[in-house]
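This one's a predicted model, so the numbers in the text were calculated from it and none came from an experiment.
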Amino acid sequence: MSNDFDLTHPAMSDLRRAARRRIPQFAFEYLDSGTGRELGVARNRAALDDILFMPQVLHGLITPDLTRDFMGQTFDLPVGISPVGMSGMIWPGAEVTLAKAARTANIPYCQSTVAAAAPEDVADHIGGNGWFQHYPVNTPEIRRDMLKRIKDAGFKKLIMTVDVPGESRRERQRRAHVAMPPKMTAKVAWQVATHPRWALEMARVGAPRMPFPESYVEASGRDAFVHAGRVIRGWPDWQYLQALRDEWDGDLVVKGVLRAEDATGMVAMGVDAIWVSNHAGRQFEAGPAAIDQLPLIRAAVGPDMPLIYDSGVEGGLDILRAIARGADMVFLGKAFHFALAALGAPGVDHLLHILRADIVANMSQIGATRFDDLAARLHFTSRQSRPVG
């Protein structure tokens, strides 16, 4: 990656600032915001910052092994791209760009049900690294057809998101006039006009929509978008998860788990992996930090159950923190979209460079050559308790 990017955008925070300048406010607020007073967002950050490592010296040259064996595949980093709804509103064509980048970098790419692309639109670009996130839908017939299309498009893992039982307020989005599809109010028109690069790219690919759920409604135009939102308003429960387990013959992952009791119930039902997440503080601000629940869930499900973590990750050090606390893989959503919005497709490669370099630098300080070494290097202050298990 260009040394120029390392000088101008050396951290994820630089990509976030550049993205904020380059895309309309409504798009940035949609991506960046939490809910309420964003106490959940702050709690995630504070809890990650509380995780410390004891540096080790006089260990000579460290060349860490950054590969990760996970659920039958070997990835080049313990990192994946989280599903983000309406990626194509953040940057036009985001879904295909991210899928291509993930395939090249050999990391997982997870596409949302409410992406601005259908499964078939990215099928030629995912290789063996495509995962698909599923929101519960309101009829079994639609669910079965969706699962067939996802499988036929080549996606290997299905991710059921369970922490969106209803809409959150996300007040920042309301103040920014975020609407799906975007309403061309005077405020929104001004935002678009003052971000010409984004506007030109959007004109080239067309206004963002939700083509996958929209394909199951008969209405057209704005009504199709509204009715598509109703299609994915199935209410997740244990019976729905069981039906999904019965109907999907590949790996099934459940995303949005914070309670150890829920995780053990899912394992008993035959779920293949648990994704620990609080939706990055976007749904509920009064819950615990996701990273604090991770070791509790690891203790409950045992050492062999695959665990994924996301929520609040802002760099390679946070990735190491999550792995040390029990995660096998760590996914980022906002970060990849900040990178894409800031620098276009090269931004995704640069973000991976940032994460890789940060992981290596911190593992060198810790004296760890393998990710499995990290837990033993954790440092607990007198205010903290050691992890369970």
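- Here the side chains of W275 and S82 are in contact, with some heavy-atom distance below 4.5 Å.
- Heavy-atom minimum distance, H279 versus V164: CE1-CG2, 3.5 Å.
- A tilted orientation is assigned to the rings of W131 and F331, their planes being inclined by 30° to 60°.
- T63 is linked by a side chain to side chain donor-acceptor pair (under 3.5 Å) to nothing, counting only residues two or more places apart in sequence or in another chain.
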* Asked: Given L147 and R143, is the side-chain contact (heavy atoms from CB on, under 4.5 Å) satisfied, shown in steps?
  -> CA-CA 6 Å; L147 295 185; R143 178 180 69 232; 4.3 Å; yes
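- Both M160 and I81 sit in one connected hydrophobic cluster of ILVMFWY residues. Membership requires side-chain heavy atoms under 4.5 Å apart, directly or through other members.
- Residues I107 and L352 meet the side-chain proximity criterion, which asks for heavy atoms closer than 4.5 Å.
- For the side chain to side chain contact (heavy atoms under 4.5 Å, CB included) with N278, the qualifying choice from D292, N44, D163, V257 is N44, the only one to do so.
- Smallest separation of non-hydrogen atoms from R377 and G367: NH2-O, 2.7 Å.
- When side chains are defined from C-beta on, V330 does not count as touching P78, because their heavy atoms never get closer than 4.5 Å.
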* To do: Check step by step if salt bridge (Lys or Arg N to Asp or Glu O under 4.0 Å) holds for R17 and D14.
  => CA-CA 5 Å; R17 281 191 291 271; D14 299 300; 2.6 Å; yes
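- H9 places no side-chain N or O within 3.5 Å of a backbone atom of G347 that could act as its donor or acceptor partner.
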* Test side-chain contact (heavy atoms from CB on, under 4.5 Å) applied to K100 and V96, step by step -> CA-CA 6 Å; K100 288 180 176 179; V96 168; 3.7 Å; yes
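- Residues R298 and M305 have side chains in contact (heavy-atom distance under 4.5 Å, counting atoms from C-beta outward).
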* Test side-chain contact (heavy atoms from CB on, under 4.5 Å) on I150 and W248 and set out the steps. => CA-CA 10 Å; I150 292 166; W248 177 259; 3.9 Å; yes
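- Looking at H59, its side chain does come within 3.5 Å of a backbone N or O of S364 through a donor-acceptor pair.
- Formation of a donor-acceptor pair under 3.5 Å by the H195 side chain with backbone atoms of Q191 is found in this model.
- Legend: residues meeting side-chain contact (heavy atoms from CB on, under 4.5 Å) with A339, ordered by chain and number and at least two apart, are L15, L351.
- Nearest heavy atom pair, residue D32 against residue K334, reads O-NZ, 3.1 Å.
- Pairing each heavy atom of P136 with each of Y240, the nearest pair is CA-OH, 3.3 Å.
- When all heavy atoms of L374 and A368 are compared, the pair lying nearest together is CD2-CB, 4.1 Å.
- Taking the side chain as every heavy atom from C-beta outward, S33 and E38 approach each other to under 4.5 Å.
- Looking at every heavy atom in both residues, A341 comes nearest to I90 through CB-CG2, 4.3 Å.
- For the side chain to side chain contact (heavy atoms under 4.5 Å, CB included) with M363, the qualifying choice from D373, L66, T369, D65 is L66, the only one to do so.
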* Could you walk me through whether R68 and D372 pass salt bridge (Lys or Arg N to Asp or Glu O under 4.0 Å), step by step? => CA-CA 10 Å; R68 196 61 157 168; D372 290 345; 3.7 Å; yes
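- Linking ILVMFWY residues whenever their side-chain heavy atoms come closer than 4.5 Å, directly or via other members, leaves I308 and L241 in distinct clusters.
- Note on ring orientation: taking the six-membered ring where Trp is involved, the planes of F75 and F70 are tilted (angle from 30° to 60°).
- Here S112 contributes atom OG and M86 contributes atom CE; the two are 9.5 Å apart, rounded to the nearest 0.5 Å.
- Figure legend: R282 and Y30 shown as a cation-pi pair, the cationic atom lying under 6.0 angstrom from the six-membered ring centre and within 45 degrees of its axis.
- One finds the CZ atom of F336 at 10.0 Å from the CE atom of M12 (value rounded to the nearest 0.5 Å).
- R356 has no carboxylate O lying under 4.0 Å from a charged side-chain N of D76, or vice versa, which leaves the two without a salt bridge.
- Listed for the R103 side chain is no donor-acceptor partner under 3.5 Å among the backbone atoms of N129.
- Within the model, atoms OH of Y109 and CZ of F155 stand 6.5 Å from one another, a figure rounded to the nearest 0.5 Å.
- Grouping the Ile, Leu, Val, Met, Phe, Trp and Tyr side chains by contacts below 4.5 angstrom, directly or via other members, places V276 with M269.
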* Go through M266 and I274 one step at a time and tell me if the side-chain contact (heavy atoms from CB on, under 4.5 Å) criterion holds. => CA-CA 8 Å; M266 293 165 188; I274 303 295; 3.8 Å; yes
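- With respect to R149 and D152, no salt bridge is recorded, no charged nitrogen being found less than 4.0 Å from a carboxylate O.
- Proximity of E29 to R20: side-chain heavy atoms (C-beta onward) are separated by under 4.5 Å at one or more points.
- Rounded to the nearest 0.5 Å, atoms CD1 (I126) and CG (L98) are 13.5 Å apart.
- By the criterion of side-chain heavy atoms lying less than 4.5 angstrom apart, applied directly or through intervening Ile, Leu, Val, Met, Phe, Trp or Tyr residues, L355 is grouped together with L317 in one hydrophobic cluster.
- Of the possible donor and acceptor atoms, none in the side chain of Q111 sits under 3.5 Å from a partner among the backbone N and O of G130.
- Using modelled atom types, no side-chain atom of S311 and backbone atom of A290 make a donor-acceptor pair closer than 3.5 Å.
- Heavy atoms from other residues, nucleotides or ligands lying under 6.0 Å from NZ of K156 number 12 at most.
- Side chains of K187 and Q25 form a contact here, defined as non-hydrogen atoms less than 4.5 Å apart.
- In this structure, R321 pairs ionically with D318, as a charged nitrogen and a carboxylate oxygen lie closer than 4.0 Å.
- With contacts defined as side-chain heavy-atom distances shorter than 4.5 Å, the pair F28/R22 does not qualify.
- In this structure, CE on M71 lies 5.0 Å from CG on D272, to the nearest 0.5 angstrom.
- In terms of modelled atom types and a separation under 3.5 Å, the side chain of Q73 and the main chain of G128 share a donor-acceptor contact.
- Note that CG of L296 is 9.5 Å distant from CD of E261, once rounded to the nearest 0.5 Å.
- Crowding of Q365 atom CD: a count of heavy atoms from other residues, nucleotides or ligands under 6.0 Å not exceeding 12.
- Side-chain heavy atoms closer than 4.5 Å link hydrophobic residues (I, L, V, M, F, W, Y) into clusters, and following such links, even through other members, never connects V267 to I159.
- At most 12 heavy atoms of other shown residues, nucleotides or ligands fall within 6.0 angstrom of atom CH2 in W190.
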* **Stepwise side chain to side chain donor-acceptor pair (under 3.5 Å) check, E285 with T35** => CA-CA 6 Å; E285 69 171 338; T35 195; over 6 Å; no
